[in-house]
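One structure is given below, encoded as structure tokens.
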Amino acid sequence: VVGTATETSTSTPEPFALDLTPLPSETPLPTLELPTVAARAPTLQAWDGLPTYLADSRPGYYFRVLYDPNAWALTTDSYGFPALAHRAIRNCIISPTAGHGLPPNATVTQDVRKIEAINYQISTISVNEVKQSVMYTGGDGRILTEFQVSLDERPDQCLLEAETVLGTLTSVPISQATPISTP
């Protein structure tokens, strides 16, 4: 008897394939809107000035904040001191200031919050429950200064824009400070 070989058939498994085809949904997803690409990012300008709390600041240092000149204009406030005024929000003004008196019908709420790398003490001044201004007191360990943000129309948008500027606060040696140009 001659032995015959028996052929056994074995099935080779197919390689595993993951199908990532999205399943249709009854509700179409919204179209993703992408922001337009700016030709160039805005060039920020420096605003340097004397800290408002000289006794709590090291001698020889100025404050520096950076601002977008397309959004803000370096000008003077009603007292003749340098200030930043927002170009699109009426009476949205950032000015260096130190605490002063309040009208008898004013209320003040206090908060402490970090904006970028700076811890600020924030005092919101309201008259008849309407925000009038917000005071930001902060520094970087070399300087301590205070800014007043005056509000009129669109106060929440004004504060959001102002905090973008105030988040850039740093100190700079007077020898490296940018002179303030006359508006």
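- By the 4.5 Å heavy-atom criterion applied to side chains, L102 and V108 are counted as neighbours.
- Looking only at side-chain heavy atoms (C-beta outward), P155 and Q157 stay at 4.5 Å or farther from each other.
- We find the CD-CE distance between Q148 and M135 to be 4.5 Å, quoted to the nearest 0.5 Å.
- Looking at T52, its side chain never comes within 3.5 Å of a backbone N or O of P96 through a donor-acceptor pair.
- By the criterion of side-chain heavy atoms lying less than 4.5 angstrom apart, applied directly or through intervening Ile, Leu, Val, Met, Phe, Trp or Tyr residues, L50 is not grouped with V65; the two fall into different hydrophobic clusters.
- Counting heavy atoms from C-beta on, the side chains of S150 and N91 never come closer than 4.5 Å.
- Using a 3.5 Å distance cut-off with no hydrogens or angles, the side chains of Y136 and E163 do pair a donor with an acceptor.
- To the nearest 0.5 Å, the span separating CG on D77 from OG on S95 amounts to 5.0 Å.
- L66 and Y62 end up in different hydrophobic clusters when Ile, Leu, Val, Met, Phe, Trp and Tyr side chains are linked at under 4.5 Å.
- Using a 4.5 Å heavy-atom threshold, the side chains of L159 and L151 count as touching.
- Scanning all heavy atoms of the two residues, the minimum distance from A88 to R154 falls at O-NH1, 3.7 Å.
- Scanning both residues, P51 and I143, for their nearest heavy atoms gives CG-CG2, 3.7 Å.
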task: Mind running side-chain contact (heavy atoms from CB on, under 4.5 Å) on L160 and D156 for me, showing each step along the way?
output: CA-CA 6 Å; L160 183 67; D156 294 336; over 6 Å; no
message: Apply side-chain contact (heavy atoms from CB on, under 4.5 Å) to residues I94 and W47 and explain how you reach the verdict.
response: CA-CA 11 Å; I94 303 172; W47 174 29; 4.3 Å; yes
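- The distance from atom CZ of R58 to atom OG of S171, rounded to the nearest 0.5 Å, is 8.0 Å.
- Distance check: D111 CG to Q121 CD gives 9.5 Å after rounding to the nearest 0.5 Å.
- Rounding to the nearest 0.5 Å gives a distance of 5.0 Å between CH2 of W72 and NE2 of H86.
- Here the options are V134, T137, L169, the test is side-chain contact (heavy atoms from CB on, under 4.5 Å), and the partner is Y120; only L169 passes.
- Counting heavy atoms from C-beta on, the side chains of I125 and K131 never come closer than 4.5 Å.
- Residue-environment remark: CD (E116) stays at or below the threshold of 12 foreign heavy atoms within 6.0 Å.
- To the nearest 0.5 Å, atoms CG (L54) and OG1 (T145) are separated by 8.5 Å.
- Using a 4.5 Å heavy-atom cutoff, the side chains of I122 and Q110 are not in contact.
- Contact annotation: the side chain of L166 approaches that of V149 to within less than 4.5 Å [non-hydrogen atoms, C-beta and beyond].
- For the side chain to side chain donor-acceptor pair (under 3.5 Å) test with R64, the passing option among T170, D48, D140 is D48; the others fail.
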message: Evaluate L84 against L74 for side-chain contact (heavy atoms from CB on, under 4.5 Å), listing each step before the verdict.
response: CA-CA 5 Å; L84 285 177; L74 185 58; 4.0 Å; yes
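- Hydrophobic clustering, with ILVMFWY side chains joined whenever heavy atoms are under 4.5 angstrom apart, keeps V165 apart from V172.
- Electrostatic pairing of E161 and R87 does not count as a salt bridge here, judged by no charged N lying under 4.0 Å from a carboxylate O.
- Residues F63 and F147 form a side-chain contact, since some pair of their non-hydrogen atoms from C-beta on lies under 4.5 Å apart.
- Remark: side-chain polar atoms of Q132 are paired, donor with acceptor, to backbone N or O of V130 under 3.5 angstrom.
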